[in-house]
Structure formats: C-alpha cells, structure tokens
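Position 1 is the first residue of the sequence, and the numbers go up from there.
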Amino acid sequence: MREPTKESPIDRGEVLVPGVCQVCGAEGPTIEIPGADAPNAFCPACAIEYGEGAAEDDEA
C-alpha cells in the first residue's frame, strides 16, 4: 500500500466528491474542504479562480 505524500489533496484536507459548486452552481465533481467556512465546495474551474483566494483569506 502506498503512503500518502504531503502533496496529496487528502493531506491538504481537500476531497473530490459529487456535488454542486457554491460559486457558480454547476453540478458535478467538486473540490471540497470539509469543515471550512463556505464557500468550501468548488467545481474545478472555480477552484482555479477562487480556491487560492479563499485559502489565502483563511491564513490571514
């Protein structure tokens, strides 16, 4: 069995699940951060555009 690396989404607290994007409302696979404040579920396109900004806001 392979061990997860520090770069894996699970190690970063991100999971890919079916759902609805909280930014654009698209249905399909979403990247979610369980336990994070909303918005915490992004479609792949919104994750690229908004995900980095949301993560930086949490760190500040």
Side-chain angles (χ1 to χ4, degrees):
M1 184 165 127
R2 291 178 57 194
E3 291 192 29
T5 66
K6 293 293 181 191
E7 297 300 316
S8 74
I10 293 171
D11 286 334
R12 292 190 308 256
E14 301 171 0
V15 293
L16 185 64
V17 296
V20 177
C21 178
Q22 293 179 342
V23 176
C24 70
E27 291 187 39
T30 59
I31 300 167
E32 297 189 13
I33 305 170
D37 294 333
N40 64 344
F42 303 98
C43 68
C46 288
I48 292 170
E49 188 168 348
Y50 297 102
E52 288 293 322
E56 289 172 3
D57 290 345
D58 288 343
E59 292 173 1

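The heavy-atom pair separating P44 from P29 by the smallest distance is CD-O, 3.5 Å. Across all non-hydrogen atoms, the minimal contact from A41 to E32 is CB-CG, 3.6 Å. Taking both residues in full, the closest heavy atoms of C21 and C43 are given as SG-N, 3.3 Å, listed atom of the first, atom of the second, then distance.
The OG1 atom of T30 lies 9.0 Å from the CG atom of N40; values are rounded to the nearest 0.5 Å.
V20 forms part of no hydrophobic cluster, judged by ILVMFWY side-chain heavy-atom separations under 4.5 Å.
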